[in-house]
Amino acid sequence: MDIDQKLKISLSKGLSDLYQVYLEPDQLVLQPTRKEFEGTHTFVTFPVAKQAKKSPPVIAEELGEYLLENEAIIAGFQVVKGFLNLTLKHLIWLEQLKVMEKQEKWWQASDKNQLAVVEIASPNTNKPLHLGHLRNIFLGFSVCNILEAAGYQVRKVCIVNDRGIHICKSMVAYQKFGNGDSPQNSNTKGDHFVGDYYVKFDQVYKQEVSQLVESGVAPAEASREAAILKEAQTLLKSWEANDEDTLALWQKMNQWVYDGFSQTYAQVGAHFDKIYYESDTYVLGKDIVQEGLKQGVFYKKDDQSVWVDLTDEGLDEKLILRADGTSVYITQDLGTADLRYQDFKFDQSVYVVGNEQDYHFQVLIKILKKLGRSYADGMYHLSYGMVDLPGGKMKSREGTVVDADHIVEEMINTAETHTTELGKIEALDREEAQALYKILGLGALKYFLTKVDPRKRILFNPEESIAFQGDTGPFIQYTHARISAILRKADAMGLPLDFSPQKINTLHSSEQGLIYLLTEFPHKIETAAADYAPSVIAQYVFELAKEYNRFYAEVSIFSEPEPNTRQFRVVLSQQTAKVIRKGMNLLGIDVPERM
RNA sequence: GGUUCCGUAGCUCAACUGGAUAGAGCAACUGCCUUCUAAGCAGUAGGUUCGGGGUUCGAGUCCCUGCGGAAUCACCA
């Protein structure tokens, strides 16, 4: 049984035996003992002091004695003020390790028989992906991995924003300046090719606006009346009218973008179970509007536009359908929510979308609840902060973006530079070396983006490259590579991966610390899943790697004369490596065998 | 202006959801490679947790208030 659970049961018994205080084991809070004190588990007695009618230190003392007598796994206790610090017997830790050894994936939670759908990435098709998308993608896929480890079924979906004025802008610019060029001819990745025309559009547009302003037109009017913008709007109209040529161009350019995206997705290891295209879904939601009107949840204004009143929820009135009967963003999102539920019958639906849409999702979920959609209770907006540059927000139009492909390539190059400087690749051939650089470069990038609380915005300074030392992906990967070397050596020596707990009478603090951390892994997965927080896993794996490095520096494995102890240390190393690997995989990161 | 989020060491971030003397990593300084990989380990230094009130045994965490930053409040998506 779980150590925590066992202790809680005994504590609960102790409280009732000693003080007639009746609390369920689950109501008791046990916390890890701070490093500066002896012990691993701490029970805080302050909360029960009133009921027990004694002072916290006295309770701690008496409970400690009680446990020492009645709970076999306790070796001793220390009382500091109202804190009862418990020390477990060495054997308990060693047996915990034995338990892990017996099961291949001892951290995997049992099947919850629940389905979670996670929406990730959701790019526009008029420009390439940037660092912000990477944060979204890494966060999203990591959450999927974590949910799976926590026992959920997971489906990954992506909704591609393939229609609208933005793609028409790229289309107009291509019509005017493209000269029939193509990504193949110009040797440019498709999404970048199309993105370049988006930038081109903006340049021309700005030029036209300033010309109009110079000729005496008011700035606000000029920005509406610029000729190229008018052309883009005309193009959007003919797209909506199903004009053949327009649709053909639209399809051609979108395909270029998809080809480009596919390359980027493949490079960073992203793949989706289902892709929705907005050109298919943007008409959805109108049925819901009718339904809402019938239910009296929505109402019509004089001009025939449809609204919902959320003032009782502390929000505003919100437009649902324009006076001319065309839909707005929220209309189609209502529709896609229904569609997604029809498609998957999910228990949870997670939207990985930037925090600029906090309000939108608040409104969306509230409306769905008003409409009586019970699935809305399982909806969650995983909101994350923007990735900012020192100069402020990234803007595709102005070219002030950190391009996804570029940063990935740069990270891989940096990994190569570091590795060659350290001169550690002599054993690897060219192909292996390239694979290693990719593992390291992407590892550094993914760790950098997932270790932070999603809500916080990330400041990315291109001048300072992402580090490879300290609290980084490569640090953890390095720890894994070190352990791999040990396991190779143990294997070559023919050491059996087995040991007898009874024959070991002392544990180094790092050994006990490692086993303790290993036993925490399933709990960390659980909290990470409950909070949709990859950062929990990132911090945990870092902690584990640090503890192993301490062990590595202070405890020798192969110069240990006692065979059983030596084998114990190899097993401990092996389990640590497994958890590091799995933990990093939860973040979408690979670990190398050597580096 | 309303709403939401954020403010912790010089910098980047933690703090187990109200617990002990607020912890890590960078950067700085000191040591440690003839030993299982030094992308490492050990140590020194660095704090009025934005300010001010309150709640209680106990507050970085909860409440109120002021300041600073971000997002949003579009018939854009």
Side-chain angles (χ1 to χ4, degrees), chain A residues 29-37 42 44-47 49-50 55-56 80-83 85 122 124 161 163-166 278 282 303 305 314-316 318-324 326-330 332-333 354-360 362-363 383 385-386 388 392-393 415 418-419 421-422 424 440 444 448 451-453 455-459 461 464 467-479 481-490 520 523-524 527 531 535-536 538-540 542-543 545-546 548-560 569-570 573 594-595:
Chain A
V29 180
L30 215 48
Q31 59 190 36
T33 304
R34 300 184 69 113
K35 272 197 181 138
E36 61 265 36
F37 299 108
T42 294
V44 185
T45 60
F46 290 97
K50 233 175 222 169
S55 79
V80 183
K81 292 191 264 180
F83 298 91
N85 298 333
S122 310
N124 289 354
N161 185 11
R163 63 161 283 280
I165 190 71
H166 49 87
E278 220 180 270
Y282 84 108
D303 65 355
S305 58
L315 301 176
D316 250 327
K318 179 87 185 170
L319 178 90
I320 303 291
L321 199 68
R322 293 190 188 105
D324 63 6
T326 56
S327 51
V328 289
Y329 181 37
I330 195 93
Q332 41 173 305
D333 254 19
N355 64 7
E356 61 211 348
Q357 296 198 31
D358 284 355
Y359 184 76
H360 172 76
Q362 230 184 318
V363 169
S383 163
M386 298 290 104
D388 287 331
K393 228 180 146 168
H418 278 287
T419 308
E421 270 172 13
L422 290 166
K424 290 190 174 182
L440 296 178
F448 176 79
K451 75 167 177 177
V452 188
D453 180 343
R455 280 174 308 184
K456 296 200 172 169
R457 43 186 223 128
I458 291 180
L459 184 72
N461 190 347
E464 311 163 10
F468 280 63
Q469 274 146 12
D471 185 5
T472 66
F475 168 87
I476 298 163
Q477 290 169 319
Y478 176 69
T479 309
R482 275 179 145 183
I483 302 178
S484 298
I486 286 172
L487 296 178
R488 278 194 299 272
K489 186 167 174 181
E520 281 295 294
H523 300 129
K524 293 293 176 182
T527 46
D531 296 347
S535 57
V536 169
Q539 281 155 36
Y540 166 75
F542 175 59
E543 201 62 40
K546 258 199 317 191
Y548 188 84
N549 282 326
R550 189 166 77 90
F551 164 75
Y552 186 93
E554 293 179 15
V555 179
S556 173
I557 295 175
F558 294 110
S559 57
E560 165 61 43
R569 287 174 186 161
V570 175
S573 300
R594 51 188 100 216
M595 66 186 270

Could you check which nucleotide pairs with [N] in any of the strands shown, counting Watson-Crick or G-U wobble with both distances under 3.5 Å?
| N | result |
| --- | --- |
| B:U48 | none |
| B:A27 | none |
| B:C36 | none |
| B:C67 | B:G7 |
| B:G1 | B:C73 |

Please check the phosphate of [N] (OP1 and OP2 only) for any side-chain N or O of [X] closer than 4.0 Å.
| X | N | answer |
| --- | --- | --- |
| A:Lys456 | B:G7 | yes |
| A:Arg34 | B:G23 | yes |
| A:Arg482 | B:A38 | yes |
| A:Arg457 | B:C13 | no |
| A:Arg550 | B:C41 | no |

Less than 5.5 Å between centroids and less than 30° between ring planes, does [X] satisfy that with [N]?
| X | N | value |
| --- | --- | --- |
| A:Tyr359 | B:A71 | no |
| A:Phe46 | B:G19 | yes |
| A:Phe37 | B:A20 | yes |

Q) Taking for each residue the nucleotide of RNA chain B bearing the nearest heavy atom, is the 5' side occupied by A:Glu278 or by A:Phe558? A) A:Phe558
Q | From B:U37, B:A77, B:C73, nucleotide with atom closest to A:Asp316 side chain | A | B:C73
Q) Nearest to the side chain of A:Asn355 - B:A24, B:A71, B:A77? A) B:A71
